[in-house]
Amino acid sequence: MPELPEVETVRRGLERRVLDRPIVAAEARRPDLRIPLPENLAGQLIGRRITRLSRRAKYIRAHLDDGQVLIIHLGMSGRLVVHDRAPNQFETHEHVRIGFDGEVTVSYTDHRRFGLITLSDEKALEAHRFFAHLGPEPLDPAFTGAVLAARLAGKVTPLKAALLDQRVVAGLGNIYVCEALYQAGLGPKRLARTVKVEHADRLAVAIKDVLGRALEAGGSSLRDYVQASGDAGYFQHAFAVYDREGEGCPGCDCAGGVRRIVQSNRSTFYCAKRQR
DNA sequence: CTACCATCCTGGTTGC
DNA sequence: TGCAACCAGGATGGTA
């Protein structure tokens with residue numbers, strides 16, 4: 001579910017609450033997430049502190065004070081919620097719970113279990129299979145139209161599919177690709193290799209703008225996503241096209257309004273007039 | 001190497 | 001109301 005703005009919002013929420021607090025309790029309740037939880041996860045966490053929280057693509061990384069890094073991906077339906085004290089009961093799909101000194105408790109729930117939690121050595125982190133092949137971070141100043149154009153060059157695949165590929169750009173998902181393509185005025189079916197530098201400039205600007213606005217809104221809450229505080233995000237109210245099939249295109253008076261098509265088995269929403 | 005497809009899993013919504 | 005079909009923010013392993 002969560003894309004870059006949601007994951008970054010959760011990261012920031014955790015950062016405010018759990019940094020440098022000793023972990024005094026940990027419980028792995030269901031080990032079979034997308035990949036199995038590490039052996040003795042609780043034992044590896046208890047007594048440690050999180051000294052830094054970083055994000056790469058849609059992964060949150062909690063850097064521990066012993067050189068290990070806890071890697072978390074929320075998949076489609078994962079939540080990380082901070083409680084002031086440990087709730088008396090477990091939620092239905094609460095798979096991992098971490099207790100910090102001072103009673104602050106983090107619950108990881110994920111009803112679809114597409115998410116994952118694992119551990120890695122800090123030294124080997126960027127070489128880890130999750131990170132080794134990722135494309136650039138779109139909010140990094142180094143991410144420019146020229147960089148994007150180079151990564152799309154030669155690809156014989158629809159632009160929509162190329163942008164969902166984390167090796168091309170990291171952190172985008174179905175919502176923000178639809179929104180960025182709309183804002184840039186580029187058709188989702190256009191082949192990636194046809195995107196020249198002038199288009200890519202617009203697209204890179206649109207990606208940064210959409211992600212930045214979503215981040216300010218605390219992300220988009222459709223079904224499962226909430227911030228670390230438990231509050232919903234509200235960028236879903238600002239979607240131009242996502243999940244707005246049949247509604248009028250906000251940017252023009254085209255007859256068809258927002259259309260929905262299926263690409264790589266996922267919904268694409270766009271305006272056929274504005275996006276070429 | 002590249003591109004496409006099915007699949008993992010659960011639950012909410014839709015349509016008959 | 002009941003039930004089946006379909007759909008959902010992601011990632012990836014296998015196949016062509």
Side-chain angles (χ1 to χ4, degrees), chain A residues 1-11 29-37 55-60 71-80 91-95 108-118 128-135 138 151-181 188-194 207 210-211 214-215 217-227 232-246 260-269:
Chain A
M1 108 212 214
E3 308 180 27
L4 188 154
E6 290 77 29
V7 175
E8 176 62 19
T9 298
V10 170
R11 187 199 70 77
R29 310 185 63 239
R30 179 149 190 175
D32 55 332
L33 305 184
R34 193 170 95 222
I35 62 173
L37 288 179
R55 179 193 55 75
R56 178 78 169 101
K58 300 169 193 169
Y59 295 87
I60 289 173
I71 300 169
I72 303 167
H73 193 291
L74 302 177
M76 294 276 253
S77 56
R79 288 180 171 189
L80 279 168
E91 287 182 66
T92 313
H93 298 285
E94 185 173 348
H95 306 312
Y108 176 83
T109 60
D110 182 4
H111 70 85
R112 288 175 78 178
R113 302 209 319 278
F114 285 5
L116 66 86
I117 297 183
T118 193
H128 191 284
R129 65 184 177 97
F130 294 153
F131 307 115
H133 306 292
L134 289 174
R151 301 193 76 88
L152 294 172
K155 294 209 171 294
V156 188
T157 195
L159 180 54
K160 162 80 184 303
L163 294 174
L164 285 175
D165 185 340
Q166 301 298 297
R167 294 169 298 186
V168 173
V169 190
L172 297 180
N174 207 33
I175 292 177
Y176 299 109
V177 167
C178 290
E179 293 294 314
L181 284 174
K189 291 185 283 191
R190 159 202 281 272
L191 292 186
R193 70 176 175 193
T194 68
I207 289 170
V210 167
L211 294 178
L215 207 41
S220 304
S221 288
L222 298 185
R223 292 179 173 75
D224 304 306
Y225 166 73
V226 291
Q227 308 183 35
Y234 53 91
F235 192 69
Q236 66 277 13
H237 303 299
F239 292 163
V241 289
Y242 185 82
D243 207 18
R244 299 211 182 286
E245 182 184 14
R260 173 183 178 270
I261 57 172
V262 174
Q263 293 180 285
S264 352
N265 273 323
R266 330 235 355 226
S267 294
T268 298
F269 300 90

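A, B, ... follow the sequence lines: proteins, then strands. Residue 1 opens every chain.
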Is [X] near enough to [N] that one of its side-chain N or O atoms lies under 4.0 angstrom from OP1 or OP2?
{"X": "A:Arg266", "N": "C:dG9", "answer": "yes"}
{"X": "A:Gln166", "N": "C:dG10", "answer": "no"}
{"X": "A:Ser77", "N": "C:dA8", "answer": "no"}
{"X": "A:His73", "N": "C:dG10", "answer": "no"}
{"X": "A:Lys58", "N": "C:dG9", "answer": "no"}

How long is the line joining [atom1] of [X] and [atom2] of [N], in whole Å?
{"X": "A:Asp243", "N": "C:dC7", "atom1": "CG", "atom2": "P", "result": "13 Å"}
{"X": "A:Glu3", "N": "C:dG10", "atom1": "CD", "atom2": "C1'", "result": "9 Å"}
{"X": "A:Leu33", "N": "C:dG10", "atom1": "CG", "atom2": "P", "result": "18 Å"}
{"X": "A:Arg113", "N": "C:dT12", "atom1": "CZ", "atom2": "C1'", "result": "17 Å"}
{"X": "A:Phe269", "N": "C:dC7", "atom1": "CZ", "atom2": "C1'", "result": "10 Å"}
{"X": "A:Asp224", "N": "C:dA8", "atom1": "CG", "atom2": "C1'", "result": "8 Å"}
{"X": "A:Arg112", "N": "C:dA8", "atom1": "CZ", "atom2": "P", "result": "10 Å"}
{"X": "A:His111", "N": "C:dC7", "atom1": "NE2", "atom2": "C1'", "result": "12 Å"}

Could you provide the dot-bracket string of DNA chain C, using ( ) for intrastrand pairs, [ ] for crossing pairs and | for bases paired to another strand, with Watson-Crick or G-U pairs below 3.5 Å? .|||||||.|||||||

Given DNA chain C, 5'-ward residue of the pair A:Ser220 and A:Arg129, judged by closest heavy atom: A:Ser220

Using a 5.5 Å cut-off between ring centres and planes within 30 degrees, is A:Phe114 stacked on the base of C:dG10? yes

Taking the same atom, [atom1], in [N] and in [M], what whole-Å distance lies between them?
{"N": "B:dT14", "M": "C:dG9", "atom1": "P", "result": "15 Å"}
{"N": "B:dC9", "M": "C:dC3", "atom1": "P", "result": "24 Å"}
{"N": "B:dC5", "M": "C:dC7", "atom1": "P", "result": "16 Å"}

Applying side-chain hydrogen bond (donor to acceptor under 3.5 Å, both in side chains), can you list everything that pairs with A:Arg55, at least two apart in sequence or on another chain? A:Glu8, A:Glu137

For A:Glu94, all residues meeting side-chain hydrogen bond (donor to acceptor under 3.5 Å, both in side chains), sequence neighbours excluded: A:Arg97, A:Ser107

Could you go step by step and tell me if A:Cys178 and A:Phe239 meet the side-chain contact (heavy atoms from CB on, under 4.5 Å) rule? CA-CA 9 Å; A:Cys178 290; A:Phe239 292 163; over 6 Å; no

Could you pull out all residues at least two apart from A:Phe269 that satisfy ring pair (Phe, Tyr, Trp, His ring centres under 6.0 Å)? A:Tyr242

Minimum heavy-atom distance between A:Gln166 and A:Ala57, given as atom pair plus value: OE1-CB, 4.2 Å

Please list all pairs passing the salt bridge (charged side-chain N to carboxylate O under 4.0 Å, His left out) test where one or both residues lie in residues 165-178 of chain A, with sequence neighbours left out. A:Asp165-A:Arg167

Could you give the start and end, 5' to 3', of the contact zone on DNA chain B for chain A, using atoms under 4.0 Å from its heavy atoms? B:dA3 to B:dG11

Pick from A:Asn174, A:Leu181, A:Ile175: which one makes a side-chain contact (heavy atoms from CB on, under 4.5 Å) with A:Val177? A:Leu181

Is there a donor-acceptor contact under 3.5 Å from the side chain of A:Glu179 to the main chain of A:Val241? yes

For A:Val10, does its backbone N or O pair with a side-chain atom of A:Gln227 as donor and acceptor, under 3.5 Å? no

Give me the ring orientation class for A:His128 and A:Phe130: parallel if the planes are under 30° apart, tilted from 30 to 60°, perpendicular past 60°. tilted

Just checking A:Arg167: base, sugar-phosphate only, or nothing, at a heavy-atom cut-off of under 4.0 Å? nothing

Is A:Tyr242 touching bases, backbone alone, or none of the nucleic acid, heavy atoms closer than 4.0 Å? sugar-phosphate

